[in-house]
There are 2 protein chains.
Amino acid sequence: MKRRKKPEPACCPAPDDSPDLRPTEGPQADKELAKLSKALGHPARVQIVRLLLRRNSCVCGGIVDELSLAQSTVSQHLKVLKQAGLVRGEIDGPRVCYCIEPRALRRLRALVGSL
Amino acid sequence: MKRRKKPEPACCPAPDDSPDLRPTEGPQADKELAKLSKALGHPARVQIVRLLLRRNSCVCGGIVDELSLAQSTVSQHLKVLKQAGLVRGEIDGPRVCYCIEPRALRRLRALVGSL
DNA sequence: CGCTCTTATCGTCGTTCTACGATGAAACGA
DNA sequence: TCGTTTCATCGTAGAACGACGATAAGAGCG
């Protein structure tokens, strides 16, 4: 029998309000923009980011239920997002709580806005 | 002997001011964001976009001179950007004048801003 | 018509991506 | 301690990417 949904972890407080001092141009910024863009360059990953944003409570692997993809595939996409710095994962008992890294998102907006 | 630089075409007037009515959420928007992001997901392509923005006069294949990459490789990157709708190419005599498609760029900003 | 200049396209090769099932590993609960 | 649940990782196979040189195709000049 499949047991589902203990209430939802509700981790990832994410305070954050420090300003971002990094430049939005130059070779370094180009590489950064490319890296962040590449991470968003797959529909499933965009979906994951949107999902994490929609639920203020950050979802663990309930993401799998939403994305008609295998659990291992979702895990890989999460890894890509994590390596790009867009997403953070915190261990919460047996599961892992994922959430958006707001700083990275702001950074992406700044970089895209500089175009 | 290598002849260089007839004055520069100066094509692509790009008027554009119509508002964008498309939604910034939903599965369609997700796919669109993924497509645009993927196109920007390579440093060389970010460089190209920046280069085209910097020169109000839109550069043709003088892009090759700037990007230590082979001409065929640059042409491929341009093709990717064109297929994503970020860039337009107009034939100008023997050469091709590339320029940014401002609507696509605004669209990208709107989509990223919706995150 | 030939020649040159500029781009696009082709063919290739090695790398990376995407997806999956199968297998591990850590954290509970009974 | 033993199962269960949850997630990551491994191995694999097919598709797509990124780079290059070589080649074709179009415009203009002589």
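Order of the sequence lines sets the chain letters (A, B, ...), proteins ahead of strands, with each chain counted from 1.
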A.B. asks: Step by step, would you call B:Arg103 with B:Asp20 a side-chain contact (heavy atoms from CB on, under 4.5 Å)?
C.D. replies: CA-CA 8 Å; B:Arg103 286 175 64 257; B:Asp20 199 331; 5.6 Å; no
A.B. asks: Could you tell me whether the side chain of A:Lys31 reaches within less than 4.5 Å of the side chain of A:Lys35, counting heavy atoms only?
C.D. replies: no
A.B. asks: What contact category does B:Leu78 fall into here, base, sugar-phosphate, or nothing, at under 4.0 angstrom with non-hydrogen atoms?
C.D. replies: nothing
A.B. asks: Write out a two-atom table: protein N or O, nucleotide N or O from nucleotides 14-17 of chain C, distance below 3.5 Å.
C.D. replies:
from: C:dC17; atom 1: OP1; to: A:Lys38; atom 2: NZ; distance (Å): 3.3

A.B. asks: Can you check the B:His77 NE2 to D:dG18 P distance for me, whole Å?
C.D. replies: 6 Å
A.B. asks: How many whole angstroms separate atom CD of B:Gln47 from atom P of D:dG18?
C.D. replies: 14 Å
A.B. asks: Please report the C-alpha distance between A:Val112 and A:Leu36 in whole Å, then the side-chain angles of each, then the deciding distance to 0.1 Å, and finally whether the side-chain contact (heavy atoms from CB on, under 4.5 Å) criterion is met.
C.D. replies: CA-CA 10 Å; A:Val112 170; A:Leu36 290 170; over 6 Å; no
A.B. asks: To the nearest Å, give me how far apart CG (B:Leu67) and P (D:dG18) are.
C.D. replies: 14 Å
A.B. asks: Within the 3.5 Å criterion, strictly below it, is a donor on B:Ser114 or A:Arg50 matched to an acceptor on the partner's side chain?
C.D. replies: yes
A.B. asks: Protein-nucleotides 22-27 of chain C N/O pairs closer than 3.5 Å?
C.D. replies:
none

A.B. asks: With the side chain counted from C-beta on, respond yes when B:Val59 and B:Tyr98 share a heavy-atom pair under 4.5 Å apart, and no when they do not.
C.D. replies: no
A.B. asks: Working note: A:Leu108 + A:Leu40, criterion side-chain contact (heavy atoms from CB on, under 4.5 Å); need CA distance, chi angles, decisive distance, verdict.
C.D. replies: CA-CA 10 Å; A:Leu108 174 61; A:Leu40 274 187; 3.5 Å; yes
A.B. asks: For B:Thr73 and for A:Leu69, locate the closest nucleotide of DNA chain C by heavy-atom distance; then report the residue assigned to the nucleotide nearer the 5' terminus.
C.D. replies: B:Thr73
A.B. asks: Measure the shortest side-chain to side-chain distance between B:Leu53 and B:Leu105 over non-hydrogen atoms and say whether it is less than 4.5 angstrom.
C.D. replies: yes
A.B. asks: Just so I know, are the side chains of B:Thr73 and B:Leu67 near enough to count as touching, which here means a heavy-atom distance under 4.5 Å?
C.D. replies: no
A.B. asks: Roughly how many Å is it from NZ in A:Lys79 to P in C:dC20, rounded to a whole number?
C.D. replies: 17 Å
A.B. asks: In the structure I gave you, are the side-chain heavy atoms of A:Val74 and A:Gln71 within less than 4.5 Å of one another anywhere?
C.D. replies: no
A.B. asks: Is A:Leu115 reachable from B:Val80 through a run of hydrophobic residues whose side-chain heavy atoms are each under 4.5 Å from the next?
C.D. replies: no
A.B. asks: Which residues in residues 26-35 of chain A have a heavy atom closer than 4.0 Å to any atom of DNA chain C?
C.D. replies: none
A.B. asks: Would you kindly give the CG-to-C1' distance between A:Leu81 and D:dC7, to the nearest whole Å?
C.D. replies: 16 Å
A.B. asks: Could you tell me the separation between the CG atom of B:Leu40 and the P atom of D:dC17, rounded to a whole number of Å?
C.D. replies: 15 Å
A.B. asks: When the distance from NZ of A:Lys82 to P of D:dT9 is rounded to whole Å, what number comes out?
C.D. replies: 7 Å
A.B. asks: Please step through side-chain contact (heavy atoms from CB on, under 4.5 Å) for the pair A:His42 and A:His77, ending with a clear verdict.
C.D. replies: CA-CA 9 Å; A:His42 192 289; A:His77 283 306; 3.9 Å; yes
A.B. asks: Could you work out which one of C:dT7, D:dA19, C:dC20 sits closest to the side chain of B:Gln76?
C.D. replies: D:dA19
A.B. asks: Rounded to whole angstroms, how far apart are CZ on A:Arg88 and C1' on D:dC7?
C.D. replies: 19 Å
